[in-house]
Chemist: 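Before I ask anything, here is the structure I am working with.
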Amino acid sequence: ALYLQHLATFWNSLHTTLGLRWDIQSIESLPTFNRVNPKLGVAFTLSEGTSIRASAGSGFRAPSIAEIYTTTYAGGIIIRPNPNLKPERSWSYEIGAMRQWSNIVSSDLSLFRTDLWDMIEPSFDSTGSVRFQNIVRAQVNGAELTLRFNLADGAVPLQVSYTYLDPEDRSNHTTLKYRSRNMLYGSVQWRFSPLLFGVDYRYLSRVETIDEELVNLGIVKDGDSRVAISVVDFNIGADWDVGTARLSASLHVNNLLRYYYTDFIGNLGPPRTFVLSLGAAFR
C-alpha cells in the first residue's frame with residue numbers, strides 16, 4: 001500500500017485534508033486486487049471553542065488469508081474455504097460539530113454513513129457449511145454523541161459517549177448479523193498521587209439478527225438466548241521515581257461484576273479477568 005496526504009490551512013480557520021491511498025494484494029494462484037481510494041476532509045472554526053467538520057472517502061479491504069483458505073471443524077460446524085471472495089469496497093461520509101461549552105464541559109456530535117459493496121461475512125451455504133461470502137450490498141447509518149467533563153480542576157476526567165447504528169443488509173433488507181443498535185461507553189479517572197484509579201463501562205444492546213441456521217439445526221443449545229452486554233472494568237495504577245528509574249505498576253480487573261453474555265452465538269464473553277503489569281524505565 002502507498003498513502004499520500006496533504007494538509008492545508010486557509011484564513012487560520014479552514015483546515016483541509018486531502019488523501020490518496022493505493023492498495024494492492026497479490027496471492028499466488030488467485031487474481032490480483034488493487035484499488036485507488038481518495039479521501040477529503042474539511043474542518044472550519046466558527047468561533048473560539050466551536051468547530052464543524054465534514055469528510056468523505058472510499059475504502060478497500062481485500063479478503064484475508066484466513067477468510068479465503070480456512071478449513072476446520074468446530075462444535076458440529078464445518079467451515080470451508082472460499083477462493084472466490086472479492087474485496088470489500090466502501091464509501092464513508094461524516095459531518096460533525098464540536099463545542100467547548102466551558103472549562104469543564106465539551107461535546108462532540110457526528111452523523112455518519114457507510115455504503116459497502118461485496119461486504120465479507122461468514123454465512124451458511126447450500127451444503128450447510130459455513131463460508132466467508134460477499135454480501136452484495138450493505139449500508140450502516142449512525143450518530144454519535146460524546147460528552148467530556150473535567151471535574152476537580154481537571155484531576156477527574158469523565159467521558160460518556162452514545163452511538164446509534166442502523167446496520168442494514170441491503171440485499172435482503174434485514175439487519176446485519178451480530179450488530180447492536182445502541183452502544184453506551186463511559187470512563188472516569190481519578191488521580192490521587194501517586195495512585196491513579198479508573199472505571200470503564202460499556203453497554204451494547206441485544207443483537208437483533210443471528211445465524212438462525214445454528215439454532216434451527218440444533219447445533220447450539222439455546223442458541224437464540226441473547227442478552228445485552230453490560231460490562232464494568234476497573235483499574236488502579238501507580239508510578240514513582242527511584243533514583244534514575246521510573247517504576248510503574250497497574251492492576252486491571254476486566255468484567256469486574258462477572259457479567260455473563262455471549263459475544264457470538266454459543267461463545268461466552270470473557271469472564272472476570274485480572275491483569276497485573278509492572279514496568280521500569282531508566283534515564
Side-chain angles (χ1 to χ4, degrees), residues 49 51 53 64 66 94 96-110 112 140 142-165 167 177-208 210 225-283:
S51 63
R53 65 184 183 276
S64 67
E94 179 185 356
M98 189 278 292
R99 170 69 173 170
Q100 184 75 41
W101 299 96
S102 67
N103 293 332
I104 298 177
V105 182
S106 65
S107 63
D108 192 297
L109 174 65
S110 63
F112 53 87
V140 179
E144 183 174 75
L145 173 64
T146 300
L147 300 176
R148 298 180 180 88
F149 304 88
N150 287 316
L151 308 177
D153 295 328
V156 184
L158 169 65
Q159 178 172 310
V160 179
S161 64
Y162 168 75
T163 304
Y164 173 79
L165 287 183
K177 299 174 184 176
Y178 304 105
R179 265 74 171 187
S180 298
R181 284 189 181 273
N182 301 281
M183 291 166 281
L184 179 67
Y185 297 90
S187 67
V188 61
Q189 292 185 336
W190 177 50
R191 176 171 289 280
F192 186 74
S193 186
L195 299 177
L196 177 66
F197 302 88
V199 177
D200 299 314
Y201 173 75
R202 67 184 183 276
Y203 168 86
L204 287 78
S205 62
R206 180 178 182 270
V207 298
E208 299 178 12
I210 62 172
S225 298
R226 288 162 280 157
V227 297
I229 297 176
S230 181
V231 178
V232 176
D233 299 329
F234 172 79
N235 64 83
I236 180 173
D239 49 62
W240 60 96
D241 293 319
V242 178
T244 60
R246 182 71 170 178
L247 306 181
S248 63
S250 64
L251 174 65
H252 293 259
V253 186
N254 300 320
N255 198 352
L256 175 68
L257 304 181
R258 201 164 60 179
Y259 184 83
Y260 293 109
Y261 64 94
T262 56
D263 52 12
F264 183 76
I265 185 170
N267 186 52
L268 186 67
R272 182 188 297 155
T273 307
F274 298 87
V275 180
L276 176 64
S277 301
L278 303 174
F282 299 91
R283 296 186 292 272

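As the structure is a computational prediction, the values presented were derived from the model and not from experiment.
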Chemist: To the nearest 0.5 angstrom, please state how far the CZ atom of R283 sits from the CZ atom of R246.
Modeler: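 If I round to the nearest 0.5 Å, the distance is 7.0 Å.
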
Chemist: Grab the two heavy atoms, one from L184 and one from Y162, that are nearest each other, plus how far apart they are.
Modeler: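 L184 and Y162 have their closest heavy atoms at CD1-CB, 4.2 Å.
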
Chemist: Can you tell me if D241 has over 12 outside heavy atoms packed within less than 6.0 Å of its CG?
Modeler: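 Counting other residues, nucleotides and ligands, CG of D241 exceeds 12 neighbours.
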
Chemist: Got V231 and Y201 here, is their nearest side-chain heavy-atom distance under 4.5 Å?
Modeler: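 Side chain of V231 against side chain of Y201, heavy atoms only: no contact under 4.5 Å found.
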
Chemist: Does any part of the side chain of L165, heavy atoms only, come nearer than 4.5 Å to the side chain of V140, both counted from C-beta?
Modeler: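 With C-beta onward as the side chain, the pair touches.
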
Chemist: Show every side chain to side chain donor-acceptor pair (under 3.5 Å) that has at least one partner inside residues 270-282, sequence neighbours left out.
Modeler: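 Listed by first then second residue: nothing to list.
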
Chemist: So, does R206 use its side chain to make a donor-acceptor pair with the main chain of R226 at under 3.5 Å?
Modeler: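 Indeed, once roles are kept as given, a pair shorter than 3.5 Å links the two residues.
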
Chemist: Got a sec: does the CH2 of W240 have more than 12 other heavy atoms crowding it under 6.0 Å?
Modeler: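 Check passes, neighbour count above 12.
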
Chemist: Which pair of heavy atoms, one from R53 and one from L109, lies closest together, and at what distance?
Modeler: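 Minimum heavy-atom separation between R53 and L109: NH2-O, 4.2 Å.
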
Chemist: For residues S250 and L276, report the shortest heavy-atom separation together with the two atoms involved.
Modeler: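 That closest heavy-atom pairing would be O-CD1, 3.3 Å.
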
Chemist: Return the minimal non-hydrogen interatomic distance between F112 and Y164, and the atom names on each side.
Modeler: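 That closest heavy-atom pairing would be CZ-O, 4.4 Å.
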
Chemist: Could you give the distance from CG (D239) to CG (L196), rounded to the nearest 0.5 Å?
Modeler: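 Reported value, rounded in 0.5 Å steps: 8.0 Å.
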
Chemist: Distance from Q189 atom CD to D200 atom CG, nearest 0.5 Å?
Modeler: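 One gets 7.5 Å once the value is rounded to the nearest 0.5 Å.
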
Chemist: For a quick test of reading the model, state the closest non-hydrogen atom pair linking S161 to T146 and the distance between them.
Modeler: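 Closest pair (atom of S161, atom of T146, distance): CB-OG1, 3.4 Å.
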
Chemist: Look at the side chain of S180 and the backbone N and O of S205, then say whether any donor-acceptor pair between them is shorter than 3.5 Å.
Modeler: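 Pair found, side chain donor or acceptor close to backbone of S205.
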
Chemist: Grab the two heavy atoms, one from V232 and one from V199, that are nearest each other, plus how far apart they are.
Modeler: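 Where V232 meets V199 most closely, the heavy atoms are CG1-CG1, 4.0 Å.
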
Chemist: Going by heavy atoms in the side chains, are Y261 and L204 under 4.5 Å from each other?
Modeler: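 The answer is no, as the side chains (C-beta and beyond) never meet within the 4.5 Å cut-off.
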
Chemist: What residues, two or more places apart in sequence or in another chain, satisfy salt bridge (Lys or Arg N to Asp or Glu O under 4.0 Å) together with R181?
Modeler: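 Applying salt bridge (Lys or Arg N to Asp or Glu O under 4.0 Å) to R181 gives D166, E208.
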
Chemist: From S187 OG over to D233 CG, what is the distance, rounded to the nearest 0.5 angstrom?
Modeler: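 These two atoms lie 11.0 Å from each other.
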
Chemist: To the nearest 0.5 Å, how far apart are CD1 in I229 and CG in N255?
Modeler: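 It is 10.0 Å, given to the nearest 0.5 Å.
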
Chemist: For F192, what residues pass the ring pair (Phe, Tyr, Trp, His ring centres under 6.0 Å) criterion, not counting sequence neighbours?
Modeler: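 Residues passing ring pair (Phe, Tyr, Trp, His ring centres under 6.0 Å) with F192: W190.
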
Chemist: Could you grab the distance from atom CE of M98 to atom CG of D108, nearest 0.5 Å is fine?
Modeler: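 It is 7.0 Å, given to the nearest 0.5 Å.
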
Chemist: Should the heavy atoms of other residues, nucleotides or ligands under 6.0 Å from CZ of R258 be counted, would the total exceed 12?
Modeler: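 Check fails, neighbour count at 12 or below.
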
